[in-house]
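Numbering of ligands and ligand atoms starts at 1, following listing order. Sequential numbering from 1 along the given sequence is applied to the chain's residues.
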Amino acid sequence: MIKEKKSLKGKSPSRRKFFKAAAATGVAAVAASSLAAPAVAQERVEAAMVATWPRDFPGLGTGAQRLAKRLSDMSDGRIQVTYYAANERVKAFDSFDEVASGNSQMYHGADYYWVKKHPAFGYFTASPFGFTYSEINAWIHHGGGQELWDELTDDFGTQSFIAGNTGVQMGGWFNKKIRSANDLKGLKMRMPGLGGQVLGKLGGSPISLPGGQIYENLVSGAIDATEWVGPWNDEAMKFHEAAKYYYYPGMHEPGSMLACGVNKSWFTSLTKSDQTLIKTACAWADEITMAEYNAKNGAALARLVNENGVKLEKFNDKVYDAFAKGAQEVYDEVQQHSDLAARTHKAFVKARKEIGSWTNLSDSPYISQRNRALGIS
Ligand code: CA
């Protein structure tokens, strides 16, 4: 059983009173300074971090493991996080309940896996026609997104922080060309979250499977198609052995934000500095993980195409327009769920317009012009 350590808060009122009295009277300055060290020394914190990722899985698993280690490194070992990959302590999709119940203190995962608990969770990983990495960070950190996320998780006794991102995901692996929405009808495809529901609107059968189970289902034919992440991760999954058409871009996950969820009563029992340390480590994990995806995806894509015979295909406008129509139907339903879902959707749409109009004038045309002028494809 993991021992939950409490903060010094509540333990040291008499000591704090003493400092206050000493400062006020101007006496005992020497005594106060000699007591200062034990007053600021913090207790050892032990936490179990469960995860939705297989152990050592590139980017996702290794990113989570790196975060757990970073927490220890940042505190000179005072904060000890024992990391459990999927199935080592609980199954991947039981991670949320494990932390909400207080059995473990933290999880690393993608919050859209909890969309059946509340559809608003879909907005806090990636949602169809939603934000890219830089856009969702703008929304969460500076556009009111974290406040809505906090409101959502508060009902479950957890709190989530950004702790990684995969960037724009690929559209997925298919055994046939997708020329129109008709080609998606009856397709059994692994696609979680609200994106999966969009596929359902177009007549497909979305299936949610944790990463560790996708390959066997694709090889056996239990599913016809799958999305996962992008070239670096998908290459490691060896999907190219079972499907040859690799479509882009994925409308369903334009910048999948990974989350570190904490048990809220455990988290708030920590000192403010430990809370800040954990939040800062999560923000670091976000940046360093995204950087790793961007550094490795291009080379992995070249290997898939040049060495493994993968056929790269772009979804055409007709298919994309059908996705957009399906997405609107899904969002119409999500808003009916609850006041919080409706408010989250409204905030999402407003931020997408404001932030997206800037991306449209900055990143998008610049990259397009740079690559055109220099012949980078
Ligand atoms: Ca995905």
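- Backbone or side-chain N, O or S atoms of Trp228 reach the Ca ion (ligand 1) at under 3.0 Å.
- Of all N/O/S atoms in Glu253, OE2 sits nearest the Ca ion (ligand 1).
- Residue Glu287 places its CD atom among 12 or fewer non-hydrogen atoms of other residues, nucleotides or ligands, all under 6.0 Å distant.
- The atom of Glu227 nearest to the Ca ion (ligand 1) is OE1, with the search restricted to N, O or S atoms.
- Note on Met191: not counted as a metal contact of the Ca ion (ligand 1), no N/O/S atom lying under 3.0 Å.
- Checking each of Trp149, Trp284, Phe267 against Phe161 for a ring pair (Phe, Tyr, Trp, His ring centres under 6.0 Å) leaves exactly one that passes, namely Phe267.
- Within 6.0 Å of atom NZ in Lys346, 12 or fewer heavy atoms from other residues, nucleotides or ligands are found, so the atom counts as exposed in its surroundings.
- What you find for Ala51 and Tyr83 is that their closest heavy atoms are CB-OH, 3.1 Å.
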